[in-house]
Participant: 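Encoded as C-alpha cells, here's the structure I'll be asking about.
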Amino acid sequence: MNTINWRDYIQTNPAIMLGKPVIKNTRIPVDLIVEKLAFGESVEEILLDYPRISRESIQACLHYATYSLRNEVYHELVA
C-alpha cells in the first residue's frame, strides 16, 4: 500500500481560511475536496478544476479526514 503522509500536503494557519485545513500553498479547504469526492466527482475532474493541486494532495485530504475521524471524541446525542 502506497501511503502518503498528509502532513506533507495539508496545513493549518490562522491567517489562511481562519485556520481551516487547506492544501499547502493554496486556499483550497480539505473539506471541499472530500465533499466533491463524496458527491461522486472524480479525481480527474477535481484536477481539471484545480490545476494547482496534485493527485497526491487529493489523497492526502482523504488521509487527513481519516486521521481526524480516528482521533475524534464521540459523545452520545440524547434527543
Side-chain angles (χ1 to χ4, degrees):
M1 178 174 5
N2 183 8
T3 305
I4 289 177
N5 185 350
W6 63 262
R7 288 175 181 88
D8 294 337
Y9 297 90
I10 307 298
Q11 70 178 16
T12 58
N13 179 336
I16 301 170
M17 301 293 290
L18 300 173
K20 205 173 191 183
V22 297
I23 297 173
K24 280 187 179 178
N25 303 315
T26 75
R27 297 177 60 81
I28 302 169
V30 169
D31 65 310
L32 174 69
I33 299 301
V34 173
E35 180 180 47
K36 286 180 169 293
L37 292 168
F39 281 105
E41 199 163 323
S42 71
V43 171
E44 288 73 24
E45 290 171 315
I46 294 170
L47 291 171
L48 286 173
D49 289 342
Y50 301 94
R52 293 185 60 210
I53 66 173
S54 65
R55 185 174 301 278
E56 292 79 14
S57 61
I58 293 172
Q59 281 186 289
C61 289
L62 293 174
H63 285 289
Y64 177 82
T66 301
Y67 171 83
S68 296
L69 287 170
R70 229 181 243 144
N71 293 297
E72 181 119 0
V73 175
Y74 298 96
H75 300 279
E76 184 178 349
L77 298 176
V78 180

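Hydrogens, waters and symmetry mates are skipped; everything else that's a heavy atom, side chains included, is used.
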Participant: Tell me whether Lys24 contacts the main-chain N or O of Arg7 through its side chain, where contact means a donor paired with an acceptor under 3.5 Å.
Facilitator: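 Present.
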Participant: Start with the C-alpha gap between Tyr64 and Ile33, add the side-chain angles, then the distance that decides, and say whether side-chain contact (heavy atoms from CB on, under 4.5 Å) holds.
Facilitator: CA-CA 11 Å; Tyr64 177 82; Ile33 299 301; over 6 Å; no
Participant: If I compare all heavy atoms of Thr26 with all of Ile28, which pair ends up nearest, and what's the gap?
Facilitator: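 Between these two residues, the closest heavy atoms are OG1-N, 3.0 Å.
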Participant: Among residues at least two apart in sequence or on other chains, which ones pass side chain to side chain donor-acceptor pair (under 3.5 Å) with Arg27?
Facilitator: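 Applying side chain to side chain donor-acceptor pair (under 3.5 Å) to Arg27 gives none.
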Participant: Do Ile4 and Leu62 come within less than 4.5 Å of each other through their side chains, counting heavy atoms only?
Facilitator: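 In short, these two side chains do not touch, never coming nearer than 4.5 Å.
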Participant: Just how far is it from atom CD1 of Ile23 to atom CZ of Arg52, taken to the nearest 0.5 Å?
Facilitator: 10.0 Å
Participant: Identify the two heavy atoms, one from Trp6 and one from Ala60, that lie closest to each other, and give their separation to 0.1 Å.
Facilitator: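 Answer, listing the atom of Trp6 first, then Ala60: CB-O, 3.5 Å.
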Participant: Which residues, ordered by chain and number, are linked to Ile16 in its hydrophobic cluster, where ILVMFWY side chains connect at heavy-atom gaps below 4.5 Å, directly or through other members?
Facilitator: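 In the cluster with Ile16 are Met17, Val22.
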Participant: For a quick test of reading the model, state the closest non-hydrogen atom pair linking Cys61 to Val34 and the distance between them.
Facilitator: O-CG2, 3.9 Å
Participant: Going from OG on Ser42 to NZ on Lys36, what distance comes out if it is rounded to the nearest 0.5 angstrom?
Facilitator: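 Spacing of OG (Ser42) from NZ (Lys36) equals 10.5 Å.
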Participant: Please report the shortest heavy-atom distance between Gln11 and Asn25, naming the atom on each side.
Facilitator: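 Looking at all heavy atoms of both residues, the shortest contact is NE2-N, 4.0 Å.
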Participant: Step by step, work out the side-chain contact (heavy atoms from CB on, under 4.5 Å) result for Asp8 and Glu56.
Facilitator: CA-CA 10 Å; Asp8 294 337; Glu56 292 79 14; over 6 Å; no
Participant: Might you confirm whether atom CG of Leu18 has over 12 heavy atoms from other residues, nucleotides or ligands at distances under 6.0 Å?
Facilitator: no
Participant: I need the minimum non-hydrogen distance between Val43 and Ile58, along with the two atoms involved.
Facilitator: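 Scanning both residues completely, I find the closest heavy atoms to be CG1-CD1, 3.8 Å.
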Participant: Would you name the heavy atoms of Leu47 and Ser54 that are closest together and state the gap between them?
Facilitator: CD2-C, 3.6 Å
